[in-house]
*Asks:* 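Let me give you the structure first, and then I'll get to my questions.
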Amino acid sequence: MDYKLTLNLPQTDFPMQGKLPEREPATLARWQEHDLYAAIQAARSNAPTFILHDGPPYANGKIHIGHAVNKILKDIINKSKLSEGYRVPYVPGWDCHGLPIEIQVEKELGRPGEKVSAQEFRNACRTYAESQIVGQKQDFERLGILGDWQHPYLTMHFAAEANILRELGRLTVNGQVVRGAKPVHWCVDCGSALAEAEVEYQDRTDPSIDVAFAVADPADLQQRLGLKEAIAASVVIWTTTPWTLPANQAVAVHPDYAYVLLRSGHRHILLAADLAESTLARYGETSENGPAILAECSGSQIEGLILQHPFLDRQVPIILGQHVTLEAGTGCVHTAPAHGVEDYEASRHYHLPVESPLQDNGRLRDDLPRGLGGLNIRQANEKIIELLQEEDALLHLEKIRHSYPHCWRHKTPLLFRATPQWFISMSANQLRDKALSAIEATRWIPDWGQERIAGMIRQRPDWCISRQRAWGVPIALFFCAQCGEPLRDAATFERIAQAVEANGVDAWFNQPAEDFLPAGAHCAACGHDHFHKSTDILDVWFDSGSTHAFVLEQRPELHSPADLYLEGSDQHRGWFQSSLLESVASRGRAPFKAVLTHGFTVDGEGRKMSKSVGNVIAPQSIIDRYGADILRLWVASADYRGEIPISDAIVKQLGDSYRRIRNTARYILGNTHDFDFAKDALPAAELLEMDRWMLARTALLQEEIRAAYAEYQFLKVQQKLHHFCSIDLGGLYLDVLKDRLYTSPAASRARRSAQTVLWLMLEAMVRWMAPVLSFTAEEIWQEMRDRPAPSVFFGEYPDIPLPADTLALNARWERLSQLRDAVNAALELLRQDKKIGSGLDAELQIYANDDWQAFLQPLGEELRYFLMTSACSIHAYSGRPENSAELVPGVALQVQTSTASKCARCWHRRHDVGQHAGHPEICGRCVSNLELPGEQREFC
RNA sequence: GGGCCUGUAGCUCAGUCGGUUAGAGCACACCUCUGAUAAGGGUGGGGUCCGUGGUUCGAAUCCACGCAGGCCCA
């Protein structure tokens, strides 16, 4: 007889191999077909909400691994909140306006106003953005991200554009939008000012020059320094941008530093005392006794001293500035307010002109004297150095390699240049202070994010929101033709917003001003009645910074502030900051309660990914080879607070980890194929002891996992889940359980007890893994009998009864487990000696002291099942033979190779095999299990 | 150059207030099972705690200075 047919072996259609790249798309199709997102929303219509507001990716290009990390983290959080019973509306979005799309469209159509009109150009941008969104949306959905993909928010929706304008209107009416002429990064190729996020730094070689500015009135200097006689002297400045010298309006010194007058070559020079020696060394002048100092003074003593511009007919003052440092140069700073932010700030106090002869095209004005007219930057540098030599004002010239701002699109060097721009003032209405308070009221994860963004807000200049471009929301405001003040009229903005809502931004560009301006409008500042229409467009950071207004506040299922914003740590400078500033300026509070940041993806060596290095790993390549769940598991297994490394080795390791989890679920499915929880489950009190213990472990672990999710510590979730599958289950429980599951009568208490616990475990495990291994959890869910919902994502965590005697169970079974480990180690010695193979080849003689005897004796026959040996007898410790091994204090062990016959059914070696006439090949308990009533089990 | 952050086994991570021989899982090696089988079980090896210096009876842990890397800024 083939006794194998009498066993309850596992049966399941759930495949061992994931074959995720093949199987996941089918699961995804099922979710889409049934509109899982909408169905879950409907099922939770009355539940409390959790709102994670999606930061919009830019609608250009394929998604990269960083996008995947970001969206997967969001999805894990959203799904873990679903498991806790929340209603979790998640509306993904896209950032649609801006330069990168313009550049793509320019490649096809040329610049707006050349071959195509501005309106046609904008239409082409819109079409292009739409096409990009289609691709990205598909890729995001393939990751298994649950959200309202059919109704995402787009910054280029007419309604969004209109509401962005309403936000601009609020801030303008409040007096927080101001017009100014400030130096901004200017790209000649773009013909536009750039946002700070659009600037990148590259190394570049520039001339480094030391220039003498002669003191115009030596008598003034004599008096200030208390010199015996008036001598011709020069103040020395150092610069790497000679072309800005025509815009020089002053030389700045620090009020508190010491400055000295000393002799250098044929002239007297004035410079910071601490830099005198290094400066002279640069000129090739060294002296053993140090420089000969003629006089000394503080910076404040020479404030207002008049200097002669070295090659123009202009006299400029010495001014004071806190920004002057002693790190390089001479401690005297060439100040061109049109070309440097600090120069501008320092000059403002002295009412110096903010004028530059540099034009939009990057060339000097034609009317400049001395052959400078019409020169570009490089030509101007050369010509100016020539002029300085002619004037004997050049003290030193060398080449310097330094990092310099470049345009992120064109890779060309940028200019600092004063142009008329619109700003959100950081000081109006105490925006800076209010923003800092809002930061304190927000939870930052990790906590150092708070200090990081606060430091940025403390330092940052006014927010330049204007761009001289075509594709974006217009800065739809009117400003006084005489004094430049914007018209601060709410009704005007509302008229514009309504027109944009109906017809798009073309309404602003195409309709006449009279359509929007109130009759008889006058400038509130100067009374003038003629207004200009601004043709600038808004910084895209203002668009995305307003999503809280046009998404969170507008969609009925959402509200503001959001519970969480979650983006890469670069967004402390980007979206977190623009959203914070816009919201604080318009509403006086942050648009988020908490902000979580993650690090950037790096390769296996911890280096950033770059095309040129060739270490880029595309999410698609991992999905195609391993599946989205592996990618998701990778995200969950990394400490996302720092850099997140990825490499082939890391992904391969995760594949191994995944298989363990999958196979554990498969094994449980196989062993519960004939189990119907509603009919067959046993109450907790009737469970066998080890089953109760494992139930308790499951219940406690579930609490740990829920806590880990609540703390956003997915790494812990992943580790605990995996540890549970491989150590608690594979290495112990399932191993011990096999004998009982396979050999006991199918519907016996012994087997139903195990199945009850296995089922509850699977119910729990599938929830634990669902936020991370979404596809696999769903696949398991579909294999489970009598599932109460069509998808795993409808359910909450199951209630797992915690046995009343949990503490005692833990103590008892942990002690038993330690004994089991020691027995395994002893068995291994025989196995290595080829005396046994399976543990069932062995018989144990356990010599236990009184304490251990009392502990072990009650287990009776079941001890051998727990230790997975064929026999196990207990004797007095005092009777232990000399060759016995001490397992733990008070327990000695002697192992023998069993001489008994192997039962053909349960494979235990038992001496009663063959004693039953009807079943000559099997042991007594197997006979009982076959012919009933079957053996009784209490413990394991 | 400045701000913030990271560095523990081949990999991913623990390591509490400074306190025994620095842990876990995976990978690896060896053994084993063949009724989870492209699975399962057992045993074992593996560490310059980034470096140097300091504080301390005692440092992975605290301090200083470096090195390497990341994000942001100049």
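What you see is a predicted model; the values in this text were computed from it and never measured. Below, chains carry the letters A, B, ... as their sequence lines are ordered, and counting in each starts from 1.
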*Asks:* Just checking A:His722: base, sugar-phosphate only, or nothing, at a heavy-atom cut-off of under 4.0 Å?
*Replies:*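 Result for A:His722 = sugar-phosphate.
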*Asks:* Please work out if A:Gly731 contacts a base, only the sugar-phosphate, or nothing of the nucleic acid, heavy-atom cut-off 4.0 Å.
*Replies:*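 Sugar-phosphate, no base atom in range.
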*Asks:* May I ask you to say whether A:Arg458 pairs ionically with A:Glu451, meaning some side-chain N is under 4.0 Å from a carboxylate O?
*Replies:*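 Looking at A:Glu451 together with A:Arg458, the answer is yes, because their closest N to O distance falls below 4.0 Å.
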*Asks:* What nucleic acid atoms does A:Met456 come within less than 4.0 Å of, heavy atoms only: base, sugar-phosphate, or nothing?
*Replies:*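 Sugar-phosphate, no base atom in range.
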*Asks:* For the atom pair CD1 (A:Ile836) and CG (A:Leu829), what is the distance rounded to the nearest 0.5 Å?
*Replies:*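 Interatomic distance, A:Ile836 CD1 to A:Leu829 CG, rounded to 0.5 Å: 9.5 Å.
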*Asks:* Pick one: which of A:Arg937, A:Arg740, A:Gln755 meets side chain to side chain donor-acceptor pair (under 3.5 Å) with A:Asp691?
*Replies:*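 Testing A:Asp691 for a side chain to side chain donor-acceptor pair (under 3.5 Å) against A:Arg937, A:Arg740, A:Gln755 leaves exactly one candidate, A:Arg740.
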*Asks:* Within this structure, what is the CZ-to-P distance between A:Arg452 and B:G70, rounded to whole angstrom?
*Replies:*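 Computing the A:Arg452:CZ to B:G70:P distance gives 14 Å.
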*Asks:* Please determine if A:Asp674 and A:Arg751 form a salt bridge, counting it only when a charged side-chain N lies under 4.0 Å from a carboxylate O.
*Replies:*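 Yes, this pair counts.
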*Asks:* Could you tell me the separation between the CZ atom of A:Phe724 and the P atom of B:A24, rounded to a whole number of Å?
*Replies:*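 Result: 20 Å.
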*Asks:* Has A:Arg909 got a side-chain atom pairing as donor or acceptor with A:Ala871's backbone, closer than 3.5 angstrom?
*Replies:*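 It does not hold such a pair.
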*Asks:* Considering only atom P, compute the distance from B:C62 to B:G19 and round it to an integer number of Å.
*Replies:*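 Between the two P atoms, the distance is 11 Å.
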*Asks:* Looking at B:A68, B:G25, B:C71, which one has an atom nearest to any side-chain atom of A:Arg607?
*Replies:*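 Of B:A68, B:G25, B:C71, B:A68 is nearest to the side chain of A:Arg607.
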*Asks:* Roughly, in whole Å, what's the span from CD in A:Gln571 to C1' in B:C73?
*Replies:*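 Distance, rounded to whole Å: 15 Å.
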*Asks:* Expressed in angstrom and rounded to an integer, what is the separation of A:Leu654 atom CG from B:G25 atom C1'?
*Replies:*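 That distance rounds to 12 Å.
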*Asks:* Mark yes or no for whether A:Trp634, through its side chain, and A:Pro645, through its backbone, hold a donor-acceptor pair below 3.5 Å.
*Replies:*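 Pair found, side chain donor or acceptor close to backbone of A:Pro645.
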*Asks:* Run the salt-bridge test on A:Glu779 and A:Lys19 with the 4.0 Å N-O cut-off and return the result as yes or no.
*Replies:*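 Result for this pair is no, no salt bridge flagged.
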*Asks:* For A:Ile457 and B:G3, give me the distance from atom CD1 to atom P, rounded to whole Å.
*Replies:*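 Interatomic distance, CD1 of A:Ile457 to P of B:G3: 19 Å.
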*Asks:* Base contacts versus sugar-phosphate-only contacts with protein, heavy atoms under 4.0 Å: please encode nucleotides 28-38 of chain B as B, S and - from 5' to 3'.
*Replies:* --SBSSSBBSB
*Asks:* Rounded to whole angstrom, note down the C1' distance from B:G7 over to B:G66.
*Replies:*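 One C1' to the other, the span is 14 Å.
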*Asks:* Contact class for A:Thr12 (heavy atom, under 4.0 Å): base, sugar-phosphate, or nothing?
*Replies:*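 The residue A:Thr12 makes no contact with any strand.
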*Asks:* If I pick the P atom on B:C50 and the same atom on B:U32, what distance separates them, to the nearest angstrom?
*Replies:*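 Between the two P atoms, the distance is 40 Å.
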*Asks:* Mind checking the CG-CD1 spacing from A:Leu721 to A:Ile661? Nearest 0.5 Å is all I need.
*Replies:*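 Result: 4.0 Å between the selected atoms.
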*Asks:* What interatomic distance, in whole Å, is found between P of B:C72 and the corresponding atom of B:A64?
*Replies:*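 It comes out at 27 Å once rounded to the nearest Å.
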*Asks:* Between the side chain of A:Arg864 and the main-chain N/O of A:Cys872, is any donor-acceptor distance below 3.5 Å?
*Replies:*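 Pair absent, no side-chain N/O of A:Arg864 close to backbone of A:Cys872.
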*Asks:* Check for me whether A:Arg820 meets the cation-pi criterion with A:Phe866, that is, NZ or CZ under 6.0 Å from the six-membered ring centre and within 45 degrees of the ring axis.
*Replies:*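 That pair qualifies as a cation-pi contact.
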*Asks:* For RNA chain B, whose closest nucleotide is more 5', that of A:Asp656 or that of A:Asn824?
*Replies:*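 The answer here is A:Asp656.
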*Asks:* For a quick check of understanding: with a heavy-atom distance under 4.0 Å over all strands, which category does A:Gly606 fall into, base, sugar-phosphate or nothing?
*Replies:*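 Sugar-phosphate contact only - A:Gly606 comes under 4.0 Å of backbone atoms but never of a base.
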*Asks:* Sticking with atom C1', work out how far B:A36 lies from B:G41, rounded to a whole angstrom.
*Replies:*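 Comparing C1' positions in B:A36 and B:G41 gives a spacing of 12 Å.
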*Asks:* Using the P atom as the point on both nucleotides, what is the distance between B:C11 and B:G1, in whole Å?
*Replies:*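 Each nucleotide's P atom is 30 Å from the other's.
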*Asks:* Figure out the CD/C1' separation between A:Glu605 and B:G7, and round it to whole Å.
*Replies:*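 Computing the A:Glu605:CD to B:G7:C1' distance gives 14 Å.
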*Asks:* Please determine, for B:G58, whether a Watson-Crick or G-U wobble partner exists with both distances under 3.5 Å, and give it or none.
*Replies:*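 Here B:G58 is not engaged in any pair, so there is no nucleotide opposite it.
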*Asks:* From CZ of A:Arg573 over to C1' of B:G70, roughly how many Å is that when rounded to an integer?
*Replies:*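 In whole Å, B:G70 C1' lies 17 Å from A:Arg573 CZ.
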*Asks:* In the structure shown, which nucleotide is the Watson-Crick or G-U wobble counterpart of B:C26, with both distances under 3.5 Å?
*Replies:*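 Pair assignment: B:C26 / B:G10.
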*Asks:* Any base atoms under 4.0 Å from A:Ser657, or only sugar-phosphate, or nothing? Heavy atoms, all strands.
*Replies:*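 Result for A:Ser657 = nothing.
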*Asks:* Record whether the side chain of A:Glu643 comes under 3.5 Å of the base of B:G69 through a donor-acceptor pair of N or O atoms.
*Replies:*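 Indeed there is one.
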*Asks:* For nucleotides B:G15 and B:A59, find the distance between their C1' atoms and express it as a whole number of Å.
*Replies:*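 Result for the C1' pair: 14 Å, nearest Å.
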*Asks:* Using purine N1 to pyrimidine N3 plus N6-O4 or O6-N4 for Watson-Crick, or N1-O2 and O6-N3 for G-U wobble, both under 3.5 Å, which nucleotide pairs with B:C71?
*Replies:*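 B:G3 is the nucleotide pairing with B:C71.
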*Asks:* Can you tell me, in whole Å, how much space there is between the C1' of B:C49 and that of B:U8?
*Replies:*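 Taking atom C1' in both B:C49 and B:U8, they lie 4 Å apart.
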*Asks:* Base, sugar-phosphate, or nothing for A:Leu840, non-hydrogen atoms under 4.0 angstrom?
*Replies:*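 Result for A:Leu840 = nothing.
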*Asks:* Name the pairing partner of B:C49, where a pair is Watson-Crick or G-U wobble with both distances under 3.5 Å, or state none.
*Replies:*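 Pair assignment: B:C49 / none.
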*Asks:* Just how far, in rounded Å, is P of B:C5 from CH2 of A:Trp444?
*Replies:*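 Distance check: A:Trp444 CH2 to B:C5 P gives 15 Å.
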*Asks:* Strictly by Watson-Crick or wobble contacts shorter than 3.5 Å, is anything paired with B:C17, and which nucleotide is it?
*Replies:*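 The answer is none; no pair meets the criterion.
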*Asks:* Applying a 4.0 Å non-hydrogen cut-off, can you work out what A:Pro446 is touching in the nucleic acid: base, sugar-phosphate, or nothing?
*Replies:*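 The residue A:Pro446 makes no contact with any strand.
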